[in-house]
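Report on the following structure.
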Amino acid sequence: MVELPNDAWQSMLMCMVDAATRLGLAIYDEDIQMAFMPPNVVLPTHRLNAWEQLKREVTQPRFPQTIKQFRAWIKPLLNDLLAKNGFDTTGVEGQDDNVTYTKKTALGTQFFDIQYNSRYRGEFGISVMFGISCDIVNLICKKFNLPPYKISPYRIPSYTFSITLEHLLPSCNRLGGPISQYQEPNDVYEFLGHVESIVFPILALAEDINSLDKLMNGDLDNGVNDSIKDKVAAKMNIGLFRQRLIVARLANNSDFEDFVIKFKPKAPDALITQWEYLVNYLRQEIKPIEQWPEGFLTQLQNDILPNSEGFPTTKEPFRELLKTKIGELVSDYGFVQAESVENSGRFIMRYCKTINMGKLMLSVFCEDVHNDNFISQIRLNIKEYNMIAIAKKANFSADVEWDSGIVLISKPKNLYIYNWTTLNELLSIIKEIALIWLDGVDDIKGIDALLNGGKVDTAAKTDSYGYFYDFYALITARLVNNPNFEELAVTLGTYDASTSHYWGKYNDIMRKLWPKLVKYLREEVKPLV
């Protein structure tokens, strides 16, 4: 009798069965109640499948069942490939199980983004995006992504090019193919083989400006097969014309003037005008890199981004600077930082202040688009418990979320924060808003003075939350016994598309509610003061 170990008994049993079979002997395992007889007989016969499964789990490591297990399992295999090709294997964790690996080159930063997902236990999706963010190209792109050249909503991306691996796989016949699912080790080994044979050879073509030009504007080589070449070329023809033209100029590509015509957008007019700005700038101001005098890059950076020395160029330091500077400013008005969140590409900073029977929240929205930090709006939210209670008690309509209170929105035009000058411009705008909107807003009287005293401009009143403004303005007027209540009941309630008072898609609902509100305030609500 042989006693098997508690751990790894399966592999020991397999060895014993294999040896016994070769010697013509039989084995009976009392614990699992199975017998093994030569040649390859398993009893009872209905346990044969269980025995085969046990052998598979021994000879082939059990595949991970969770994303956490899978990431730990694939990490050493992936790191070997990344290190072999000069990438930092530390990786930067992102949202939704995304990890970014980078490699510094003379041109800029190559990146390898891998994202894991799982629909079912033991089944995983792996999505890979790779490319390069070229410092010089990004710098020129930034110039044409800022006023006065930014004359359209079409943003130039912060990367020079990026490609999704799935689009290049042999099984994908079109750009945008489905993400493969990986359920066995061999599936992952095949995926890693594609990373090695496709991703890194393409990235090897982006080490200097001439090879990058060949990759984006010419013929691929370096062992990339023909089907992959066609798919890369197709990708370069989608929305990368500005980058391709800049790269062609920097590399002194003889086809530059042909590209000017070939890549020129057909519409809209704003894009055509922006393209002409870019072409003239490249012709007149930018020489090929090989002709650059010493110190030209520094001069170029100072010309494009004046007063930017020491200004953060990466996301996290920029956010910290923004939070600190805005926090210092609004603290003079009694605000404290409440939270900072990222939502759908927006970085939102919120600051709160408690007032008598309510609170104020000042929010600053920054569109996080890497190469142009755009302040999209500055928002003031006013919640006074008495006015909200009146709206809810009257129960005007279940379609309206009265708890939201009043929201005033300022949308600064073309406010991109990329140096100390533009940061100070933002702080000046916030200060101006704070002085106009927040001065004296400490109670219901101050709110009435703000809403009904002419301090809020029409644009802020009639924005997406504008329909609350007029309802709460009238409620507030009644609560403070504003002598102009009856006049406001008429002027605030004149609603149609031709006036500044308009509720948008809620127009019909709010128009019906307005007379009910006026009647309710007259007959049911007594002033607080």
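Just so we're clear, the structure is a prediction, and the values are computed from it rather than from any experiment.
A donor-acceptor pair under 3.5 Å is formed between the side chain of Arg244 and the backbone N or O of Met216. A distance-only check finds no donor-acceptor pair linking the side chain of Arg319 to the backbone of Phe347 [under 3.5 Å]. Of the possible polar contacts, none joining the Asp213 side chain to the Ile209 backbone as a donor-acceptor pair under 3.5 Å is found. Side-chain atoms of Asp208 come within 3.5 Å of backbone atoms of Ser211 as a donor-acceptor pair (strictly under, hydrogens ignored). The backbone N or O of Glu166 sits nowhere less than 3.5 Å from a side-chain atom of Thr164 that would complete a donor-acceptor pair. Between the side chain of Asn85 and the backbone N or O of Leu81, at least one donor-acceptor pair lies under 3.5 Å.
When each of Thr422, Asn419, Asn302, Thr421 is paired with Asn307, the side-chain hydrogen bond (donor to acceptor under 3.5 Å, both in side chains) condition holds for Thr421 and for no other. Here the rule is side-chain contact (heavy atoms from CB on, under 4.5 Å) with Leu165, and of Ile202, Val195, Ile114 only Val195 fits it. For the side-chain hydrogen bond (donor to acceptor under 3.5 Å, both in side chains) criterion with Ser133, the lone passing option out of Asn138, Thr109, Thr160 is Asn138.
Distance check: Ile246 CD1 to Ile286 CD1 gives 9.0 Å after rounding to the nearest 0.5 Å. Remark: Leu451 CG to Trp437 CH2 distance equals 11.0 Å, nearest 0.5 Å. A distance of 13.0 Å separates CD in Glu328 from NZ in Lys323, rounded to the nearest 0.5 Å. Ile429 CD1 to Ile375 CD1: the interatomic distance, rounded to the nearest 0.5 Å, is 9.0 Å. Summarising the geometry, atom CE belonging to Met129 is positioned 7.5 Å from atom NE2 belonging to His167; distances are rounded to the nearest 0.5 Å. Atom OH in Tyr159 sits 11.0 Å away from atom CG in Asp113 (nearest 0.5 Å).
Side-chain contact between Leu322 and Cys366 is present, with at least one heavy-atom pair separated by less than 4.5 Å. At a threshold of 4.5 Å between non-hydrogen side-chain atoms, the residues Ile447 and Ile355 count as touching. Looking at heavy atoms from C-beta onward, Asp97 lies out of side-chain contact with Asn117 at the 4.5 angstrom threshold. Looking only at side-chain heavy atoms (C-beta outward), Lys143 and Asp303 stay at 4.5 Å or farther from each other. Using a 4.5 Å heavy-atom cutoff, the side chains of Leu297 and Leu139 are in contact. Taking the side chain as every heavy atom from C-beta outward, Leu305 and Phe311 never approach each other to under 4.5 Å. Side-chain atoms of Glu276 and Ile272, non-hydrogen and from C-beta on, do get closer than 4.5 Å to each other. Residues Leu329 and Tyr351 fail the side-chain proximity criterion, which asks for heavy atoms closer than 4.5 Å.
The environment of Lys103 atom NZ is dense: over 12 non-hydrogen atoms of other residues, nucleotides or ligands sit within 6.0 angstrom. Residue Glu309 places its CD atom among 12 or fewer non-hydrogen atoms of other residues, nucleotides or ligands, all under 6.0 Å distant. More than 12 heavy atoms of other residues, nucleotides or ligands shown are found within 6.0 angstrom of CD on Glu316. Other residues, nucleotides and ligands contribute at most 12 non-hydrogen atoms within 6.0 Å of the CD atom of Glu432.
Residues Thr100 and Thr102 come closest through the heavy atom pair CG2-CG2, 4.1 Å. Residues Leu438 and Phe335 share a closest heavy-atom pair of CD1-CE1, 3.4 Å. The shortest non-hydrogen separation linking Val441 to Gly446 is CG2-O, 3.9 Å. Ala248 and Phe259 get closest at one heavy-atom pair: CB-CD1, 3.8 Å. The two residues Ala206 and Leu215 have their closest heavy-atom pair at CB-CD2, 4.4 Å. Scanning all heavy atoms of the two residues, the minimum distance from Ala477 to Leu488 falls at CB-CD1, 3.8 Å.
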TODO: Any chance you could lay out the side-chain contact (heavy atoms from CB on, under 4.5 Å) test for Val364 and Ile430, step after step, and finish with the verdict?
DONE: CA-CA 9 Å; Val364 180; Ile430 295 175; 4.0 Å; yes
Task: Candidate pair Gln274 and Leu271, rule side-chain contact (heavy atoms from CB on, under 4.5 Å), full reasoning - done: CA-CA 5 Å; Gln274 189 184 60; Leu271 270 184; 3.7 Å; yes
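Using cut-offs of 30° and 60° for the angle between ring planes, the Phe87 and Phe112 rings count as perpendicular.
Arg71 has a carboxylate O that lies under 4.0 Å from a charged side-chain N of Glu93, or vice versa, which qualifies the two as a salt bridge. A salt bridge does not link Glu384 with Lys445: every distance from a Lys NZ or Arg NE/NH1/NH2 to an Asp or Glu carboxylate oxygen is 4.0 Å or more. Residues Lys353 and Asp442 are paired through a salt bridge, judged by an N-O separation under 4.0 Å between the basic side chain and the carboxylate.
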